[in-house]
Amino acid sequence: MKKTLLIIDPQNDFCEKNEIDISTNRPALAVPGSGEDMRNIINFIKNNELDEIVITLDTHSIIDIAHPMWWKKKNGDYPEIFTMISLEDIEKGIYTTSNPEHFEYSKNYIKSLEEQGKYKLIIWPEHCIQGTWGHNIYSELMEEIIKWSRKNNKNAQFFYKGTNEKTEHYSALKAEIVLDKNTDLNEDLLKILVNSDKLYVCGEALSHCVASTVKDLINNSDKDFHKNIFLLKNCTSSVAGFEKYGDDFINYLKEKGSHVI
């Protein structure tokens with residue numbers, strides 16, 4: 001029986017500050033409860049025999065469609081973080097793009113989000129910027145992953161998402177709006193995950209990247225694969241203010257017949 005642990009975006013920018021980290025860095029988008037989540041994931045790795053560990057990494061640049069600098073208000077200021085921008089807002093001139101060349105694309109992008117029932121465009125703090133402390137994996141968890149690799153003579157597998165600044169990429173399997181092969185369904189990752197008899201899922205955040213990844217996984221796997229999915233409920237938390245999204249996702253899993261443990 002093959003057992004796989006999928007850890008979604010266990011990165012410093014999403015995690016409450018590591019108690020042993022003496023640097024002056026601060027998480028950009030810390031999820032309440034994430035510190036305890038990381039400790040629970042560490043204990044899960046210590047106490048369970050696992051055949052695979054798969055880690056996804058949210059990966060962005062400063063200029064990104066979901067970061068403040070992409071947009072500006074009538075007065076020229078960037079929008080505040082956690083602002084939601086709708087098609088109506090753009091049509092009314094409340095928001096436009098900082099780079100005029102991005103305007104038509106961005107307008108059509110938001111239109112597509114709304115037509116497809118995706119998350120509304122949210123302006124997030126600049127986070128998980130490539131090469132920064134915030135992009136790194138929570139240090140104590142990374143230490144445990146390294147121990148697992150040495151013990152099992154096997155590397156953990158890492159998958160990056162979010163590198164295309166023109167589309168959001170909550171799901172590790174597929175971007176919100178597909179633009180090219182790098183934002184389309186990640187067949188390599190999918191193959192690893194569906195080749196699991198027990199797939200344990202954890203990480204940040206339950207309301208967004210965890211939920212989106214698992215839904216894409218269920219929608220792109222055999223009809224009974226949902227029975228192989230085990231959400232580690234005490235190893236994942238929702239972004240503050242979006243707890244209902246997380247609760248709705250848990251209910252979705254239960255209705256599907258997946259396991260919430």
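Residue numbers count from 1 along this sequence.
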Exercise. Spell out, as yes or no, whether a donor-acceptor pair under 3.5 Å connects the side chain of T213 to the backbone of V210.
Key: no
Quiz item: Is the Y119 to Y245 ring centre distance short of 6.0 Å?
Solution: yes
Quiz item: For the side chain of T236 and the backbone of K233, is there at least one donor-acceptor N/O pair under 3.5 Å apart?
Solution: no
Quiz item: If you measure from the Lys or Arg side-chain nitrogens to the Asp or Glu carboxylate oxygens, is any gap between K107 and E104 under 4.0 Å?
Solution: no
Self-check item: Interatomic distance, D89 atom CG to I94 atom CD1 [nearest 0.5 angstrom]
Solution: 4.5 Å
Exercise. Mark yes or no for whether N152, through its side chain, and D51, through its backbone, hold a donor-acceptor pair below 3.5 Å.
Key: no
Quiz item: Do the side chains of L232 and I41 get nearer than 4.5 Å, heavy atoms only?
Solution: no
Quiz item: Does some side-chain heavy atom of I8 sit less than 4.5 Å from a side-chain heavy atom of L6?
Solution: yes
Quiz item: Side chains of F249 and S212: closer than 4.5 Å at any heavy-atom pair?
Solution: no
Practice problem: Could you tell me whether the side chain of N48 and the main chain of F44 form a donor-acceptor pair under 3.5 Å? | Solution: yes
Exercise. Grab the two heavy atoms, one from A211 and one from S207, that are nearest each other, plus how far apart they are.
Key: CB-O, 4.1 Å
Quiz item: Which atom pair, heavy atoms only, marks the closest approach of W71 to I65?
Solution: NE1-O, 2.9 Å
Quiz item: How close do I122 and F82 get, heavy atom to heavy atom, and via which atoms?
Solution: CG2-CA, 4.0 Å
Practice problem: Would you please test E49 and K151 for salt bridge (charged side-chain N to carboxylate O under 4.0 Å, His left out) and show each step? | Solution: CA-CA 11 Å; E49 294 296 325; K151 176 184 174 182; 3.7 Å; yes
Self-check item: Pairwise side-chain contact, L173 with N220, heavy-atom cut-off 4.5 Å (strictly under)
Solution: no
Quiz prompt | Side-chain donor-acceptor contact under 3.5 Å, Y109 with E168 | solution = yes
Exercise. May I ask you to decide if the ring planes of H135 and Y160 are parallel, tilted or perpendicular, using 30° and 60° as cut-offs?
Key: parallel
Quiz prompt | K161 side chain to T56 backbone, donor-acceptor under 3.5 Å | solution = no
Quiz item: Going by atom types only, do W70 and S106 share a side-chain donor-acceptor pair under 3.5 Å?
Solution: yes
Quiz item: Between D222 (side chain) and F225 (backbone), is there a donor-acceptor pair under 3.5 Å?
Solution: no
Quiz prompt | NZ/K2: more than 12 non-hydrogen atoms of other groups inside 6.0 Å | solution = yes
Self-check item: Donor + acceptor pair across side chains of S171, D216 (<3.5 Å)
Solution: yes
Quiz prompt | Donor + acceptor pair across side chains of D77, N75 (<3.5 Å) | solution = yes
Quiz item: Between atom CG of L87 and atom CG of L121, what is the distance when rounded to the nearest 0.5 Å?
Solution: 11.5 Å
Self-check item: Under-4.0 Å salt bridge between E52 and K154
Solution: yes
Quiz item: Minimum heavy-atom separation for P79 to P68, with atom names?
Solution: CD-O, 3.6 Å
Practice problem: Could you tell me whether a side-chain N or O of D180 sits under 3.5 Å from a main-chain N or O of T183, the two making a donor and an acceptor? | Solution: yes
Quiz item: Can any side-chain N or O of E16 pair as donor or acceptor with the backbone N or O of G35 at less than 3.5 Å?
Solution: yes
Quiz prompt | Donor-acceptor contact present, side-chain E204 to main-chain S237, <3.5 Å | solution = yes
Self-check item: Minimum heavy-atom distance between K166 and L179, given as atom pair plus value
Solution: CB-CD1, 3.7 Å
Practice problem: With sequence neighbours excluded, tell me which residues meet side chain to side chain donor-acceptor pair (under 3.5 Å) with E80. | Solution: K73
Quiz item: Of the non-hydrogen atoms in I192 and S196, which two are nearest, and what is the gap between them?
Solution: O-OG, 3.4 Å
Quiz prompt | Cation-aromatic face contact K198/F230, 6.0 Å, 45 degrees | solution = yes
Quiz item: Would you call K147-E143 a salt bridge at under 4.0 Å N-O?
Solution: no
Quiz item: Heavy-atom distance under 4.5 Å between the side chains of I177 and Q116, does that happen here?
Solution: yes
Quiz prompt | Hydrophobic cluster of V178, others only, ordered by chain and residue number, side-chain cut-off 4.5 Å | solution = none
Self-check item: Parallel, tilted or perpendicular, as decided by the 30° and 60° cut-offs, for the rings of F242 and W124
Solution: tilted
Exercise. Enter the distance from M38:CE to I137:CD1 here, rounded to the nearest 0.5 Å.
Key: 10.0 Å
Quiz item: Just by distance, do the side chain of E243 and the backbone of G241 share a donor-acceptor pair under 3.5 Å?
Solution: yes
Quiz prompt | Polar side chain donor-acceptor pair, S34 to D37, under 3.5 angstrom | solution = no
Quiz item: Given the rule in the ring pair (Phe, Tyr, Trp, His ring centres under 6.0 Å) test, do H169 and H60 qualify, once you have shown the distances and angles that lead to the verdict?
Solution: CA-CA 10 Å; H169 213 139; H60 296 297; 8.8 Å; no
Quiz item: Side chains of N12 and N25: closer than 4.5 Å at any heavy-atom pair?
Solution: no
